[in-house]
Amino acid sequence: MSKTLICSCEDVTADDIRHAVSRGFCDVESVKRFTGFGTGICQGKGCLSAVAALLAKEKAQKPAGLLPFTPRPPEFPTELSVLASAPVDESQPPVGGVPQELSVFPSALRPEAPVPARAKVVIIGGGIMGLALAYNLSLRGETDVVVLERGYLCAGASGRNGGGVRMQWGTSANIELAKRSIALMGRFARDLGINVWLRQGGYLFMARTKAVAKRLEQNVALHNKHGVPTRLLTVDEAREVVPGLSLKGTQAASYNPEDGVIFPWPFLWGYANACRKAGIKVETFTNVTGFEQSDGLVRKVKTDRGDIACDTVVLATGAWSPEIARLAGVQLPNEPHRHEILSTEPLKPFLSPLVSVLDSGLYFSQSMRGEIVGGMGDAKEPAGLNMGSTLRFVSRFSQALLEQMPQLGHVKVLRQWAGCYDVTPDNNPVLGRTPGLENMLQLSGFVGHGFMMAPAVAERMAQWMTTGESDELFTRFNLRRFQEGKLEREDMIIG
């Protein structure tokens, strides 16, 4: 046993790295997430080379695959008050950003063995949706399944979100899905043997305009009808929930103590581990390059590691779904939109709920490690697969956060990153069969809330797929609704 310290910021030892390798995490990005190395104050400056050397010594990764993880701005820890002082031109759209994430991962990371030649079900997308569906299929006896992921687990939106989970929605369908998902999250450790750190400290929504306040009031009645104990609060009552919150400009607030926050990464690992134990193949660093079709069906999924003949293919690639669907000649209405997020140095616990100003899209919570984790939408953000981080975001966020909690001005930002919402015209998902390609199933378009809906949606989709039983979820939200105009808009979207 070796206690050699590799990352002094996060107390990661050589044994921790070896343990990650033993669990199948052999590329540097995955080892970073599994152990936490490189996520502290030094951002890997003192430990990255040591981890790479250890992976090489252990022969865990090919030399060409020992690539450094993507550096995250800011270059050094910076106080929120300093970042808030950076000028922002609200009249101009945000552009660019650093670093530019890779759209295709290096071939050195690609497994050398070919993919299986055939599977009953091929799921494209190894994020929370694809893995949760594969797991639920296995519970119903279907294990002839292959999951394809273009990068490492947690590379996409499922590994880039703030971990918020809430029942406060504006439609009955989403309220019921969220209720079921949170119930499943509560027993995740028991069922799948990994802790996702569910902390039900509630969500506090603030409204700064009469229109949004009216929406909160209407939603409270709807939530209560579904058994969700949301309350409409006055400003003073909201201040009792979060002492120290300025509530500047707030007209009303709503609060549900059963909403919460989880740690996203173990959620994916838990599903992936359970899939592999059941015999399901989870193929990372594998790109889908096309489809072989005949007689209105997908016959094969083509990848850069070989073709897979299949009976059913499921598209669960989030913001990349339109891009993959186009390979099959299918046009989806989804659009990718960048959303940025940041994390600060850890503080003593002081903030129970996730707080959000609905009008501006500001949200923030405190993680189990004590960090402030938050983001903010930008109405000027153009559509596109952009995952670069900007000074504009961190300045706008810092200004909005310090307006609500000026006492955090001295707190330092350690890192920021970005992911993509998968946005549909009515803010609801695209589910069910594809017109003209009956064995291509859609599982995308969850805007910014796919992570929290995945357990419940995957459970129902697996039941629907394996039994053939009718489920209104997969007709209500199918692709035909956009041609038929049967849209049911969800307005409780943060950002």
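Side-chain atoms are counted along with the backbone in the values below, which use heavy atoms only and exclude waters and symmetry mates.
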What is the minimum heavy-atom distance between [X] and [Y], and which atoms define it?
X	Y	answer
Ala454	Ala132	O-CB, 4.2 Å
Leu342	Trp417	C-CZ3, 4.0 Å
Ile494	Gly361	CG2-O, 3.5 Å
Gly260	Tyr203	O-CE1, 3.5 Å
Ser254	Leu216	OG-CD2, 3.6 Å
His337	Val423	CD2-CG2, 3.9 Å

Side chain to side chain contact (heavy atoms under 4.5 Å, CB included) against [X], all qualifying residues, sequence neighbours excluded:
X	result
Trp197	Asn195, Phe263, Met368
Val241	Leu233, Tyr255, Pro353
Glu459	Asn136, Arg140, Arg180, Leu184
Ala400	Leu362, Met376

Open item on the list: Checking Gln168 against Asn256: is there a side-chain donor and acceptor pair closer than 3.5 Å?
Closed with: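 No - no donor-acceptor pair under 3.5 Å links their side chains.
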Open item on the list: Any donor-acceptor pair under 3.5 Å linking the side-chain atoms of Glu29 with those of Thr70?
Closed with: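 Yes, Glu29 and Thr70 have a side-chain donor paired with an acceptor closer than 3.5 Å.
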Open item on the list: Evaluate Asn478 against Thr475 for side-chain hydrogen bond (donor to acceptor under 3.5 Å, both in side chains), listing each step before the verdict.
Closed with: CA-CA 5 Å; Asn478 70 16; Thr475 51; 5.8 Å; no
Please report, to 0.1 Å, the donor-acceptor pairs under 3.5 Å made by any side chain of residues 269-282, with sequence neighbours excluded.
from: Asn273; atom 1: ND2; to: Trp269; atom 2: O; distance (Å): 3.3

Main-chain N/O of [Y] paired with [X] side-chain donor or acceptor, under 3.5 Å:
X	Y	value
Glu149	Gly151	yes
Asp144	Val121	no
Glu490	Gly170	yes
Arg150	Asn287	no
Thr303	Val288	no
Glu340	Thr390	yes
Asp378	Phe393	no
Ser181	Ala178	no
Arg166	Asp259	no
Thr466	Ala462	yes

Electrostatic pair [X]-[Y], nearest N-O below 4.0 angstrom:
X	Y	answer
Asp491	Arg215	no
Glu176	Arg460	no
Arg480	Glu484	no
Arg415	Glu371	yes

Task: His223 and Trp169 aromatic centres sub-6.0 Å - done: no
Open item on the list: Tell me if the aromatic rings of Phe397 and Phe364 count as close, with their centers under 6.0 Å from one another.
Closed with: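 When the ring centroids of Phe397 and Phe364 are compared, they turn out to be at least 6.0 Å apart.
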TODO: Start with the C-alpha gap between Gln442 and Thr434, add the side-chain angles, then the distance that decides, and say whether side-chain hydrogen bond (donor to acceptor under 3.5 Å, both in side chains) holds.
DONE: CA-CA 7 Å; Gln442 302 291 336; Thr434 304; 2.8 Å; yes
Among pairs that include at least one residue of [range], which meet side chain to side chain donor-acceptor pair (under 3.5 Å), considering only residues two or more places apart or in two chains?
range	answer
residues 109-125	Arg110-Asp304, Arg118-Asp311, Lys120-Glu142
residues 289-298	Ser294-Arg299
residues 418-427	Asn334-Asp422, Thr424-Asp426, Asp426-Arg481
residues 124-133	none

Open item on the list: Below 30° counts as parallel, above 60° as perpendicular, anything between as tilted: where do the rings of Tyr152 and Phe285 land?
Closed with: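 Because their plane-to-plane angle lies in the 30° to 60° range, the rings of Tyr152 and Phe285 count as tilted.
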Task: Close side-chain approach of Met129 to Phe446, heavy-atom, < 4.5 Å - done: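 Yes, their side chains come closer than 4.5 Å.
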Who are the side-chain hydrogen bond (donor to acceptor under 3.5 Å, both in side chains) partners of [X], not counting sequence neighbours?
X	answer
Asn161	none
Glu237	Thr234
Thr209	Asp359

Open item on the list: side-chain hydrogen bond (donor to acceptor under 3.5 Å, both in side chains) for Arg305 and Thr286? Distances and angles first, verdict last.
Closed with: CA-CA 7 Å; Arg305 294 175 52 208; Thr286 304; 2.8 Å; yes
